[in-house]
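So the structure is just underneath, and the comments pick up after that.
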Amino acid sequence: MIRARRNHSRHALASIININSQPSQQSTQLLMAVAELPYQNSSVSGSEPIATLLMRTPNDQKVIYITGDRDFSFGRKSTCDEVVAHDAVSSVHFTVYTVKFDDESTPLVYCWDKSRNGTFHNRRLIGRDKRVLLSDGDELEVRHACSFTVHQRGQKIMETHELVDAVLDEDRRDIEPYEISSRALGHGTFGRVLLATERGAGGRQVACKVIDTKGNSLRMVKAKTEVAILQRLRHPNVVAVHDAFVIRNRIYIFEDLITGGDLFSYLSDGEHMSSVPEAEALLIVFQILKALEYLHSNNITHRDLKLDNILRVSQHPGSRILLIDFGISKYYVRDRSRRMTTVAGTPEYAAPEIGFAASNTFAGAAKRSGYDMKCDLWSLGVILHILLSGISPFYDPSQNSRKMALKAQTCALDFSNSCWASVSPHGNLPLPSFVFLADILNSRKIAKSLVRRLLSVDPRIRYDVSECFAHPWVSSQRALLEDIYERKIINGWVPPSEQRQILSASQSAAFFCI
Ligand SMILES: Nc1ncnc2c1ncn2[C@@H]1O[C@H](COP(=O)(O)OP(=O)(O)OP(=O)(O)O)[C@@H](O)[C@H]1O
């Protein structure tokens with residue numbers, strides 16, 4: 001199959017010069033079942049302990065090992081991994097799970113509070129259905145019953161990074177409302193994403209994206225564009241930004257901490273990528289469509305949709321997902337005379353008309369005619385292809401953007417690979433008797449037809465968001481999807497406040513800057 005290595009070769013304005021020179025019909029019950037499915041961690045494998053909890057009760061103390069292959073549950077119910085029969089303890093009080101960014105990073109260990117009476121993290125109430133990232137030395141407490149001390153060795157490895165070290169000591173004191181830790185949640189082309197905590201009573205954990213512009217004004221403009229775009233957006237499937245600071249050559253963007261890892265990590269399976277059950281793919285794609293519907297109706301094109309830029313709130317297959325990384329997004333009003341022309345995005349996911357051109361002729365054509373927001377739908381097609389088969393259709397192992405662009409331009413989709421044969425609505429769920437073979441075959445055909453529609457080289461034929469919603473793979477389940485979405489997926493989502501002035505006027509970027 002394909003690689004499980006992150007591709008950070010994102011290209012935007014500055015890299016244009018390099019481009020040419022570089023080498024069922026689902027059944028109702030099934031969908032419901034997936035939305036309810038307990039999580040099986042594929043992103044962190046192995047039974048080696050990642051962290052330990054030293055548990056103390058009034059009469060006893062013991063060590064609990066947290067491994068990467070399964071959640072640890074604590075509660076009163078006999079099915080919990082650690083059972084304490086105490087009135088203050090809920091049937092499942094909390095679970096601890098791990099998320100891995102990549103092979104070089106120490107896995108992140110999260111606590112998910114599921115209790116009625118509360119779980120306290122460093123003496124602060126986590127809150128029902130909320131999650132916190134745990135660090136070495138942290139204390140968890142179930143009042144009147146027991147407490148736990150977290151030990152996670154190896155954290156230091158992840159913490160040492162020149163950028164982080166140099167940046168923070170200098171800048172920390174200028175960013176008063178937040179305490180920025182050195183714990184990395186992930187990293188990309190231009191910087192790192194670190195854990196931070198709001199000072200003050202709430203002490204909420206947030207993610208802090210640190211972009212080192214190294215005095216490159218174009219990078220600074222792009223970082224400010226990301227903030228300028230994000231501060232206008234309020235949608236359950238788009239990450240919320242709270243604050244941003246420009247200090248010296250660096251920009252710090254504070255966002256909601258998203259606690260389930262990204263889709264790339266989720267699908268990475270050793271050297272390969274794995275697929276997900278078709279119903280799970282549908283729940284993910286439905287949410288991406290919701291986000292794109294919102295973005296496009298607000299004249300925003302994301303331009304860098306890919307697995308790495310889609311985060312999950314939880315490890316649960318029916319989790320809410322969020323789009324992140326609006327660094328090369330574009331505010332663009334649809335108009336025949338105004339089209340986007342910047343070659344931007346990630347070649348593996350980029351629509352042919354963007355112009356990661358394989359041939360000069362094609363590049364020339366792209367330059368002449370430009371492209372519009374349909375480029376996001378192509379990227380969605382690549383994502384759907386991966387979700388269903390575990391294959392990235394245009395990936396080139398040498399990461400050569402020219403080769404990937406050529407493949408995309410030719411777009412010879414091959415559904416004969418055995419991976420596609422296993423695409424079915426039931427995936428690894430036991431097949432319920434009400435799902436007939438015809439349904440399964442039909443569903444496969446329908447899913448593939450949507451992939452084809454999205455991966456149409458001609459953007460005029462390619463589906464837009466509303467056509468995707470109308471496609472039978474989605475429309476046949478639309479009512480149920482809306483129901484699951486409202487009742488389960490976005491239940492509890494609180495929109496960010498309306499009045500958000502994140503960068504001061506002098507700092508904010510012009511909207512049409514890229
Ligand atoms: N709000 C968040 N909460 C938790 N993790 C996050 C958050 N934002 C980013 N991350 C993690 O950090 C990684 C990099 O983030 P992001 O894509 O924003 O960085 P970038 O430098 O813009 O990357 P790129 O290489 O795509 O330019 C993500 O893939 C994700 O794993």
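Just so we're clear, the structure is a prediction, and the values are computed from it rather than from any experiment.
- For Gln231 (side chain) and His242 (main-chain N/O), no donor-acceptor pair under 3.5 Å exists by modelled atom type.
- In this structure, Phe264 has its ring center at least 6.0 angstrom away from the ring center of Phe101.
- With sequence neighbours excluded, no residue satisfies salt bridge (charged side-chain N to carboxylate O under 4.0 Å, His left out) with Arg453.
- Nearest heavy atoms, Ile328 versus Gly345: CD1-N, 3.3 Å.
- Not counting sequence neighbours, Asn491 has no partner by the side-chain contact (heavy atoms from CB on, under 4.5 Å) test.
- Atom NE2 in His471 sits 8.5 Å away from atom CG in Leu454 (nearest 0.5 Å).
- In this structure, the separation between NZ on Lys403 and CG on Leu406 is 10.0 Å, given to the nearest 0.5 Å.
- Contact annotation: the side chain of Val221 never approaches that of Arg219 to less than 4.5 Å [non-hydrogen atoms, C-beta and beyond].
- Side-chain contact check for Arg303 versus Thr342: some heavy-atom pair is nearer than 4.5 Å.
- By the ring pair (Phe, Tyr, Trp, His ring centres under 6.0 Å) test, His296 is found to be paired with no residue, residues two or more places apart in sequence or in another chain being considered.
- Inter-residue side-chain proximity for Leu289 and Phe469 is flagged as met; some heavy-atom pair is nearer than 4.5 Å.
- A donor and an acceptor atom, one from each side chain of Thr346 and Asp304, are located under 3.5 Å apart.
- Both tests do not hold together for Arg402 against Phe356: distance to the six-membered ring centre under 6.0 Å, angle to the ring axis within 45°.
- Residues satisfying the salt bridge (charged side-chain N to carboxylate O under 4.0 Å, His left out) test with Asp458, not counting sequence neighbours, are Arg460.
- Remark: Leu305 pairs with Ile288, Leu292, His302, Leu323, Asp376, Ser379, Ile383 by the side-chain contact (heavy atoms from CB on, under 4.5 Å) rule, at least two apart or across chains.
- Here Ser466 pairs with Asp464 under the side chain to side chain donor-acceptor pair (under 3.5 Å) rule; sequence neighbours left out.
- A donor-acceptor pair is defined here as one N or O able to donate and one able to accept, closer than 3.5 Å; no such pair exists between the side chain of Ser319 and the backbone of Gln315.
- At least one donor-acceptor pair under 3.5 Å links the side chain of Asn298 to the backbone N or O of Tyr294.
- Ile284 and Ile321 make their closest contact through O-CD1, 4.1 Å (heavy atoms, listed as atom of the first residue, atom of the second, distance).
- No donor-acceptor pair under 3.5 Å is formed between the side chain of Ser265 and the backbone N or O of Gly261.
- Atoms CH2 and NE2, on Trp493 and His235 in that order, are 7.0 Å from each other to the nearest 0.5 Å.
- Put simply, the side chain of Leu450 reaches to within 4.5 Å of the side chain of Cys468, judged on heavy atoms.
- At distances below 3.5 Å, at least one donor-acceptor pair connects side-chain atoms of Thr259 with backbone N or O atoms of Val313.
- A salt bridge (charged side-chain N to carboxylate O under 4.0 Å, His left out) check over residues 379-397, counting only residues at least two apart or in different chains, returns nothing.
- Summarising the geometry of Leu387 relative to Leu267, their closest heavy-atom pair is CD2-CD1, 3.9 Å, with the distance given to 0.1 Å.
- Put simply, the side chain of Phe326 reaches to within 4.5 Å of the side chain of Leu295, judged on heavy atoms.
- Residues Leu283 and Gly318 approach most closely at CD1-CA, 4.1 Å, considering heavy atoms.
- Remark: Ile324 CD1 to Leu230 CG distance equals 10.0 Å, nearest 0.5 Å.
- Evaluation of the salt bridge (charged side-chain N to carboxylate O under 4.0 Å, His left out) rule for Asp372 yields Arg339 as partners, not counting sequence neighbours.
- Under the salt bridge (charged side-chain N to carboxylate O under 4.0 Å, His left out) criterion, the residue pairs touching residues 468-480 are Arg478-Glu482, with sequence neighbours excluded.
- Using a distance-only test at 3.5 Å, with no hydrogens or angles considered, no donor-acceptor pair links the side chain of Ser401 to the main chain of Pro347.
- With 3.5 Å as the limit, one finds no donor-acceptor pair spanning the side chains of Thr213 and Asn216.
- Under the 4.0 Å criterion applied to side-chain N and carboxylate O atoms, Lys209 and Glu226 are assigned as salt-bridge partners.
- You'll find the side chain of Asp212 reaches within 4.5 Å of the side chain of Asn249, heavy atoms only.
- Looking at residues two or more places apart in sequence or on another chain, you find no side chain to side chain donor-acceptor pair (under 3.5 Å) involving Arg320.
- The two residues Thr98 and Gly68 have their closest heavy-atom pair at OG1-CA, 3.5 Å.
- Side-chain contact between Leu233 and Ile300 is present, with at least one heavy-atom pair separated by less than 4.5 Å.
- Evaluation of the ring pair (Phe, Tyr, Trp, His ring centres under 6.0 Å) rule for Trp112 yields no partner, not counting sequence neighbours.
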Full working for ring pair (Phe, Tyr, Trp, His ring centres under 6.0 Å) between Phe245 and Tyr252: CA-CA 5 Å; Phe245 298 82; Tyr252 294 80; 7.7 Å; no

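- Of all heavy-atom pairs between Leu108 and Ala184, the closest is CD2-O, 3.8 Å.
- With hydrogens and angles disregarded, no donor-acceptor distance shorter than 3.5 Å links the side chain of Arg192 to the backbone of His187.
- In this structure Val382 satisfies the side-chain contact (heavy atoms from CB on, under 4.5 Å) test together with Tyr349, Trp378, Ile386, Ser392, Pro393, Phe394, Leu455, sequence neighbours excluded.
- Taking 4.5 Å as the limit, some side-chain heavy atom of Ile484 sits within range of a side-chain heavy atom of Ile489.
- One finds the CG atom of Asn309 at 10.0 Å from the CG atom of Leu263 (value rounded to the nearest 0.5 Å).
- Between atom CD1 of residue Ile490 and atom CG of residue Asn237 there is a gap of 7.5 Å, rounded to the nearest 0.5 Å.
- Under a 3.5 Å cut-off, the side chain of Gln409 and the backbone N or O of Pro352 do not form any donor-acceptor pair.
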